[in-house]
Peer 1: 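Structure incoming, see below.
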Amino acid sequence: MAKRKLSRRQQWRIQKIQDERLARAQNKQKKMSDDYTQLDETLHRGVIVSHFGATLDVEDEVTHLIVRCAMRQNIDTIVCGDQIAWQKLSNINEEEQIQGVITAREPRITVLARPDFTGQMKPVAANIEQMLIVTSPIPELNEGLVDRYLVAAELSQIKPILVLNKIDTLSAEQRKVLDQRLKTYIDIGYPIVYTSAKSLHGMDTLLEQLENQVSVFVGQSGVGKSSIINALLPEAKIKEGEVSLATNKGTHTTSVSRLYHIKSQEQTNFVKHASLIDSPGVREFGLWAIHKEDVIHGFIELHELSHFCRFRDCKHLNEPDCGLLNALDEGRISEHRLDSYHRIVDSVEAQ
Ligand SMILES: Nc1nc2c(ncn2[C@@H]2O[C@H](COP(=O)(O)OP(=O)(O)OP(=O)(O)O)[C@@H](O)[C@H]2O)c(=O)[nH]1
Ligand SMILES: [Mg+2]
Ligand SMILES: [Zn+2]
């Protein structure tokens, strides 16, 4: 994980830009809420499907129609997946096409957060039950990133599921190598689904996993998150990005998270309902706001073994009778997972 140490001057400049941005957004919102004084009294419920600056798209719980809304100033943050209450405007704002105002947000059951460019943790999606960690041969599988997502999922009580996409591009030999690398996760007990958004291989298995759940798709840019959602839900018509030949990395097509629904579909008779959130790909995923002591809870197999350490404050580096080091010697845990653990502890310590 790349750590960015900003100089005081850089920090000051970033802060200044952010303050200005915030002031502008607040002015705009103030103007909006002045315009929006005439609210219909009926409270409607809905879920946030997308968020662009000061406006948000809400799916109404009863009509399932998308309503473009502004936000009351007293609500702190609203993200994809938030359950909210909204009220109709009696004077629809033609210019911005705002039809309603979000007046309350329900407490979140789970929240996935990640640091923004200044290192502040920002929520990115709410009320998620599952995290689909999408990987692919190109851009190449990155175990360190997978481990960080797993920590985020475990600590937020979101169920992780691994996906290896683009299996249509693999030769038998390449497949064997990747299977070997992913075996670590299978041994720990994480479910893994093999897919191709191109040939549609594995889509039925994936749908079974998604049934009746709210799932967020995460992973590097270009692994095929949007393509998988398009394959499951062709009417979503999400734009997909090319993977740059020069860097083998995605071109960051998806810039905002968005929630999609699969409803009872004839052709996939077992799926009754599923909510999918597409999220923008990341190059790195830092875990800055967690405590050093909590990191071990994100490595479920290591956590279990840590009960066998002789010292309660064992750092699992070179102590005698360390449950983790003993297991490593006996080949019961993977070396890269222990490395990942130490790397994350170091990075949160360095803050
Ligand atoms: N051969 C093959 N190509 C795929 C598959 N899935 C996605 N692709 C291609 O990979 C590229 C990136 O796909 P996207 O769906 O945009 O990737 P993403 O993960 O949504 O990327 P970001 O939105 O940038 O995070 C596109 O050119 C897709 O056509 C697959 O299963 N097989
Ligand atoms: Mg995308
Ligand atoms: Zn130990």
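Please read all numbers here as calculations on a predicted model, not as lab measurements. The figures here come from the full heavy-atom set of this structure, side chains too, leaving out hydrogens, waters and symmetry mates. Both counts, for ligands and for their atoms, begin at 1 and track the order of listing.
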Peer 1: Could you tell me whether Arg181 and Glu140 make a salt bridge, using a distance below 4.0 angstrom between a side-chain N and a carboxylate O?
Peer 2: yes

Peer 1: Does Thr195 reach ligand 1 with a nitrogen or oxygen that is under 3.5 Å from one of the ligand's nitrogen or oxygen atoms?
Peer 2: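 Between Thr195 and ligand 1, no N or O pair is found under 3.5 Å apart.
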
Peer 1: Looking at Gln99 and Arg68, would you say the former's side chain and the latter's main chain have a donor-acceptor pair under 3.5 Å?
Peer 2: yes

Peer 1: Over 60° means perpendicular and under 30° means parallel, so classify the ring planes of Tyr341 and Phe299, tilted if in between.
Peer 2: perpendicular

Peer 1: Compute both the distance and the angle, then confirm whether Arg175 meets the cation-pi test with Tyr194: under 6.0 Å from the six-membered ring centre, within 45 degrees of the axis.
Peer 2: yes

Peer 1: Checking the N or O distance criterion of under 3.5 Å, is ligand 1 in contact with Ile167?
Peer 2: no

Peer 1: Which ligand 1 atoms, with their elements, are less than 4.0 angstrom from a heavy-atom of Thr169?
Peer 2: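 Numbered from 1, ligand 1 contributes 1 (N).
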
Peer 1: Would Lys225 count as a polar contact of ligand 1, with the cut-off being nitrogen or oxygen pairs under 3.5 Å?
Peer 2: yes

Peer 1: Could you check whether Asn230 and Tyr260, counting side-chain N and O atoms only, form a donor-acceptor pair closer than 3.5 Å?
Peer 2: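 Side-chain D/A pair, Tyr260 to Asn230: absent.
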
Peer 1: Select one of side chain, backbone, both or neither to describe which atoms of Asn165 lie under 4.0 Å from any atom of ligand 1, heavy atoms only.
Peer 2: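 Looking at Asn165 and ligand 1, just side chain atoms fall under 4.0 Å.
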
Peer 1: Using a plain distance cutoff, I'd like to know if Ser279 has any nitrogen or oxygen under 3.5 Å from a nitrogen or oxygen of ligand 1.
Peer 2: no

Peer 1: Check ligand 1 against Ser196 and write out every atom of the ligand that is under 4.0 Å from a heavy-atom position of the residue.
Peer 2: 31 (O)

Peer 1: Output yes when Glu301 and Arg337 qualify as a salt bridge under the 4.0 Å nitrogen-oxygen rule, no when they do not.
Peer 2: yes

Peer 1: Counting distance only, does the side-chain N/O of Arg45 pair as donor-acceptor with the main-chain N or O of Trp86 below 3.5 Å?
Peer 2: no

Peer 1: Before moving on, can you tell me the angle at the Zn ion (ligand 3) between the SG atom of Cys309 and the ND1 atom of His316, to the nearest 10 degrees?
Peer 2: 100°

Peer 1: Could you list the atoms of ligand 1 found under 4.0 angstrom from a heavy atom of Asp168?
Peer 2: 1 (N), 2 (C), 30 (C), 31 (O), 32 (N)

Peer 1: Indicate if the distance from the Mg ion (ligand 2) to the nearest N, O or S atom of Ser279 falls below 2.8 Å.
Peer 2: no

Peer 1: Taking Asp82 for the side chain and Val79 for the main chain, is one N or O donor matched with an acceptor at less than 3.5 Å?
Peer 2: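 Pair found, side chain donor or acceptor close to backbone of Val79.
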
Peer 1: Geometry only, no angles: is Pro280 polar-contacting ligand 1 at N/O separations under 3.5 Å?
Peer 2: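 Min N/O separation from ligand 1 is not below 3.5 Å for Pro280.
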
Peer 1: Closer than 3.5 angstrom, by distance alone: can the side chain of His44 be matched with the main-chain N or O of Glu61 as a donor-acceptor pair?
Peer 2: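 Side chain of His44 to backbone of Glu61: no pair is present.
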
Peer 1: Using a 4.0 Å cutoff against the non-hydrogen atoms of Ala197, which atoms of ligand 1 qualify?
Peer 2: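 It comes down to these atoms of ligand 1: 6 (N), 30 (C), 31 (O).
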
Peer 1: If we only count N/O pairs under 3.5 Å, is Gly219 in contact with ligand 1?
Peer 2: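 Such a contact does not occur with ligand 1.
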
